[in-house]
Participant: 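Here you go, one structure.
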Amino acid sequence: MTLGLALAQSRRIAPALLAQLEQTAREKKTQLIDEIIASGTMSAHDVAIFAADKYQLPLLDLAQYNLARVPPALAGNRDFHAHRLLPLGRRENRLIVAMSDPANQAGIDAIKQKFNLPVETVVVEHDKLMKQVRSAGEAPGTLKNISPGIGATPTKMIDYDPVAAAGARKGTGNEIDDAPVVRFLQKLLTEAFQRGASDLHFEPFEFFYRIRFRVDGVLQEVARPPLDIRDKIATRIKVLSRLDISEKRVPQDGRMKLLLTLPKDKDGKETIEKAIDFRVSTLPTLFGEKIVMRILESSSDKLDIDQLGYEPDQKALLLDVIKRPYGMVLVTGPTGSGKTVSLYTFLNLLNQGDINISTAEDPAEIQLPGINQVNVNDKAGLTFAAALKSFLRQDPDIIMVGEIRDLETADISIKAAQTGHLVLSTLHTNDAPTTLTRLMNMGVAPFNIASSVLLITAQRLARRLCTCKRAGDLSRDVLLDAGFREADVDGSWQPYHPVGCERCNGSGYKGRCGIYQVMPITEAMQQIILSHGTALQIAEQARRDGVLSLREAGLLKVKQGVTSLEEVLATTNT
């Protein structure tokens with residue numbers, strides 16, 4: 001029995017009206033259930049309740065069901081969508097399928113034949129079902145669920161070296177730029193920039209292809225394009241990044257740009273073009289090439305030390321040290337902790353007309369006019385160590401080394417710091433005290449470390465609470481366990497908690513703040529270094545010198561209402 005006939009027999013719809021709705025459905029080439037709901041004859045909710053009762057099937061509210069739990073092999077299968085069905089998962093050897101019209105036996109039979117499995121059906125509201133079916137079956141070129149941010153238009157993607165690439169593209173016309181995959185990629189990159197993402201991850205798996213943005217340090221899934229376009233996306237990115245598209249067995253690194261058209265004023269009548277740089281890294285995986293694109297903020301406008309989040313005493317120590325004529329300043333922390341921005345901020349402060357500054361980077365992420373920036377190229381022999389040797393013949397005042405990775409680079413950097421140059425660099429260590437022992441483990445002599453290193457700053461990035469934050473209570477025991485002292489838990493302040501609003505997309509956080517451990521190398525610390533002291537001994541001396549640990553610096557941000565205790569516990573150790 002059809003759904004229409006069942007409704008008529010139950011006197012929910014008059015026979016004459018039913019005939020009219022069936023005629024409209026035939027003319028519009030839709031289905032009867034579409035016209036019943038569109039005409040207002042019955043609501044989607046009422047139809048679902050009736051169908052579940054009439055056909056003795058369970059009724060499910062899709063809004064309360066976690067569709068992320070559906071296996072990707074089922075969720076992305078278009079055989080379901082073609083029959084207006086939605087897979088919900090498997091129970092033992094049976095498929096669980098949602099439908100709004102239980103009389104749709106042809107669709108159920110097709111699924112049974114396709115998967116050779118029995119099917120259990122549940123009834124759901126038609127409007128909610130169709131929303132999921134349309135979303136799952138959306139073509140990659142339309143990208144309705146990821147539209148460009150308001151006020152920005154993706155003009156075009158260009159090779160990072162447009163002069164070198166001009167000849168390669170000559171004669172291709174616009175057929176590539178008009179392809180759906182390219183429009184998809186343009187919109188995706190634009191949306192990432194508008195959201196303030198730092199990285200984009202393109203990840204192929206056996207049964208699905210996932211794209212994620214890292215926003216405020218947290219990865220968020222934004223799209224699952226059809227699996228069969230993964231190679232097309234990878235090829236397009238590799239072409240623009242000047243990578244070898246025929247080589248899929250080894251990792252590759254490159255760069256590309258996206259030109260955006262942005263409104264110059266509120267009215268949007270005048271526009272400007274902005275070039276966004278992307279650093280591209282490919283990695284062969286079991287099911288294709290994973291690609292990660294880092295968005296490089298090439299503007300120096302945001303390099304303000306007051307925005308980084310240093311405490312006043314930490315800022316005073318830093319400003320004093322970086323203005324000294326020689327010595328070494330090290331910035332340490334894991335990947336993505338903001339080390340590069342801190343270094344560029346220091347360089348921006350030091351960038352004066354009477355000072356010669358040279359940098360060796362992999363690659364140069366922010367362009368600073370007046371500074372000689374060099375991209376290292378290991379394949380061509382231009383390593384950090386080779387660049388440093390050349391710098392010393394270029395009459396430098398200040399040298400910045402992107403990262404100290406080996407003993408040769410460390411030795412040259414320290415010799416430069418000992419011979420009248422200020423050297424800035426980074427290392428990958430957990431905190432400031434372990435940086436000194438890391439240098440010793442590399443093979444750097446303790447007396448060279450003690451005589452050259454002036455200051456080490458370790459850092460982390462924590463998500464900043466949005467303006468929708470609310471004050472709340474935490475028990476005394478929780479605060480003490482986190483690291484607060486008895487004197488801090490005096491009831492004079494309240495910790496803030498994330499809430500979630502439209503501005504922060506419901507996360508409760510907007511932007512990030514720095515957590516810093518700024519450790520100057522005092523005479524007492526030099527003695528520990530010269531006696532081959534451990535990181536624990538150095539940390540104990542730092543505490544005696546009044547240096548905050550990363551956890552203590554983070555708790556101070558909690559007390560100030562900048563971030564939440566959960567964020568500090570997640571980003572720092574005790």
Side-chain angles (χ1 to χ4, degrees), residues 1-71 74-139 142 144-145:
M1 181 185 297
T2 65
L3 180 63
L5 183 58
L7 288 167
Q9 288 183 352
S10 302
R11 298 182 179 180
R12 301 300 299 271
I13 297 181
L17 177 57
L18 177 62
Q20 182 182 340
L21 292 173
E22 288 175 336
Q23 177 64 27
T24 303
R26 285 192 292 270
E27 292 174 355
K28 295 171 63 176
K29 296 183 179 181
T30 58
Q31 294 189 12
L32 177 61
I33 191 171
D34 296 314
E35 299 309 319
I36 291 173
I37 295 169
S39 65
T41 304
M42 292 179 68
S43 70
H45 182 66
D46 289 341
V47 171
I49 292 175
F50 172 83
D53 180 64
K54 179 66 178 178
Y55 294 89
Q56 294 296 294
L57 293 172
L59 179 63
L60 175 72
D61 183 1
L62 272 181
Q64 304 300 320
Y65 189 82
N66 184 10
L67 291 171
R69 298 186 303 176
V70 180
L74 292 177
N77 193 299
R78 297 190 180 184
D79 291 299
F80 291 98
H81 314 143
H83 296 288
R84 294 185 162 199
L85 302 174
L86 190 68
L88 299 180
R90 292 181 62 164
R91 181 182 298 151
E92 296 178 350
N93 67 330
R94 304 175 73 84
L95 288 175
I96 312 301
V97 176
M99 62 193 316
S100 57
D101 182 358
N104 179 15
Q105 191 59 43
I108 296 297
D109 291 341
I111 294 300
K112 286 180 181 178
Q113 184 177 1
K114 171 74 177 179
F115 290 90
N116 195 27
L117 289 172
V119 174
E120 288 184 12
T121 56
V122 298
V123 176
V124 295
E125 294 168 52
H126 185 68
D127 52 352
K128 294 178 181 177
L129 172 74
M130 294 310 299
K131 180 180 179 182
Q132 294 297 330
V133 167
R134 283 191 290 267
S135 175
E138 187 174 287
T142 58
K144 292 180 182 177
N145 60 326

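Values below: every heavy atom of this structure, side chains too, minus hydrogens, waters and symmetry copies. In what follows, residues are counted from 1 in the order of the sequence shown.
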Participant: Only counting residues at least two apart or in another chain, list the ones meeting side-chain contact (heavy atoms from CB on, under 4.5 Å) with A6.
Facilitator: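 Testing A6 for side-chain contact (heavy atoms from CB on, under 4.5 Å), a comparison that skips the adjacent residues, returns M1, F50, K54, Y55.
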
Participant: Considering residues at least two apart in sequence or located in another chain, which fulfil the side chain to side chain donor-acceptor pair (under 3.5 Å) criterion with Q23?
Facilitator: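 Once residues adjacent in sequence are excluded, the partners of Q23 under the side chain to side chain donor-acceptor pair (under 3.5 Å) criterion are R26, E27.
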
Participant: Rounded to the nearest 0.5 Å, what separates atom NE2 in H126 from atom CD1 in I37?
Facilitator: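 Reported value, rounded in 0.5 Å steps: 5.0 Å.
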
Participant: What is the distance from atom CE of M42 to atom CD1 of I33, rounded to the nearest 0.5 Å?
Facilitator: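 Taking CE in M42 and CD1 in I33, the distance rounds to 9.5 Å.
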
Participant: Testing L86, L88, V122 one by one against Y65 for a side chain to side chain contact (heavy atoms under 4.5 Å, CB included), which residue passes?
Facilitator: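 The single option meeting the side chain to side chain contact (heavy atoms under 4.5 Å, CB included) with Y65 is L88.
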
Participant: Contact between L21 and S39 at the side-chain level, heavy atoms closer than 4.5 Å - yes or no?
Facilitator: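 The answer is yes; the side chains approach within 4.5 Å.
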
Participant: Tell me every residue that passes side-chain contact (heavy atoms from CB on, under 4.5 Å) with A106, counting only those two or more places apart in sequence or in another chain.
Facilitator: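 Once residues adjacent in sequence are excluded, the partners of A106 under the side-chain contact (heavy atoms from CB on, under 4.5 Å) criterion are N104.
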
Participant: Sequence neighbours left out, what passes salt bridge (Lys or Arg N to Asp or Glu O under 4.0 Å) with D34? Give chain and number order.
Facilitator: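 So D34 forms a salt bridge (Lys or Arg N to Asp or Glu O under 4.0 Å) with R84.
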
Participant: Which pair of non-hydrogen atoms, one from A98 and one from V124, has the smallest distance, and what is that distance?
Facilitator: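 Shortest heavy-atom separation between A98 and V124 comes out as CB-CG1, 3.8 Å.
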
Participant: Output the distance between atom CE (M130) and atom OG (S100), rounded to the nearest 0.5 Å.
Facilitator: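 Here the rounded value is 7.5 Å.
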
Participant: Are the side chains of P118 and L95 in contact, using a 4.5 Å heavy-atom criterion?
Facilitator: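 Counting from C-beta outward, L95 and P118 never come under 4.5 Å.
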
Participant: Say you draw a straight line from CD1 of I13 to CD1 of I36; how long is it, rounded to the nearest 0.5 Å?
Facilitator: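 I13 CD1 to I36 CD1: 4.0 Å, rounded to 0.5 Å.
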
Participant: Which heavy-atom pair separates V133 from L85 by the least distance, and what is that distance?
Facilitator: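 The pair with the smallest heavy-atom distance is CG2-O, 4.0 Å.
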
Participant: Measure the shortest side-chain to side-chain distance between P102 and V123 over non-hydrogen atoms and say whether it is less than 4.5 angstrom.
Facilitator: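 Side chain of P102 against side chain of V123, heavy atoms only: contact under 4.5 Å found.
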
Participant: Got a second to check how far R12's CZ is from L17's CG, nearest 0.5 Å?
Facilitator: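 Output value for this atom pair is 13.0 Å.
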
Participant: If you define the side chain from C-beta out and look only at heavy atoms, does anything of L3 sit under 4.5 Å from L32?
Facilitator: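 They are not in contact (no side-chain heavy atoms under 4.5 Å apart), so the answer is no.
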
Participant: Could you tell me which residues satisfy side-chain contact (heavy atoms from CB on, under 4.5 Å) with I49, sequence neighbours excluded, listed by chain and number?
Facilitator: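 Testing I49 for side-chain contact (heavy atoms from CB on, under 4.5 Å), a comparison that skips the adjacent residues, returns H45, L59.
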
Participant: Could you give the distance from NZ (K112) to CG (L117), rounded to the nearest 0.5 Å?
Facilitator: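 Nearest 0.5 Å value for the NZ-CG distance: 11.0 Å.
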
Participant: Work out which heavy atom in E125 is nearest to a heavy atom in A44; give both atom names and the distance.
Facilitator: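 Closest approach of E125 to A44, heavy atoms only: CG-O, 4.0 Å.
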
Participant: Please test Q105 against D109 for side chain to side chain donor-acceptor pair (under 3.5 Å), starting from the C-alpha separation and ending with a verdict.
Facilitator: CA-CA 6 Å; Q105 191 59 43; D109 291 341; 3.0 Å; yes

Participant: For D79, which residues count as a salt bridge (Lys or Arg N to Asp or Glu O under 4.0 Å) partner, sequence neighbours excluded?
Facilitator: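 Result, salt bridge (Lys or Arg N to Asp or Glu O under 4.0 Å) vs D79: K114.
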
Participant: Side-chain contact, heavy-atom cut-off 4.5 Å: D46 with S43?
Facilitator: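 A side-chain contact under 4.5 Å exists here.
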
Participant: Looking only at atom types and distance, does a side-chain atom of S10 sit under 3.5 Å from a main-chain N or O of L7, one as donor and one as acceptor?
Facilitator: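 Checking the backbone N and O of L7 against the side chain of S10, no donor-acceptor pair under 3.5 Å is found.
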
Participant: Where is the tightest heavy-atom contact between E35 and T30, given as atom of each residue plus distance?
Facilitator: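 Taking every non-hydrogen atom into account, OE2-OG1, 2.7 Å.
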
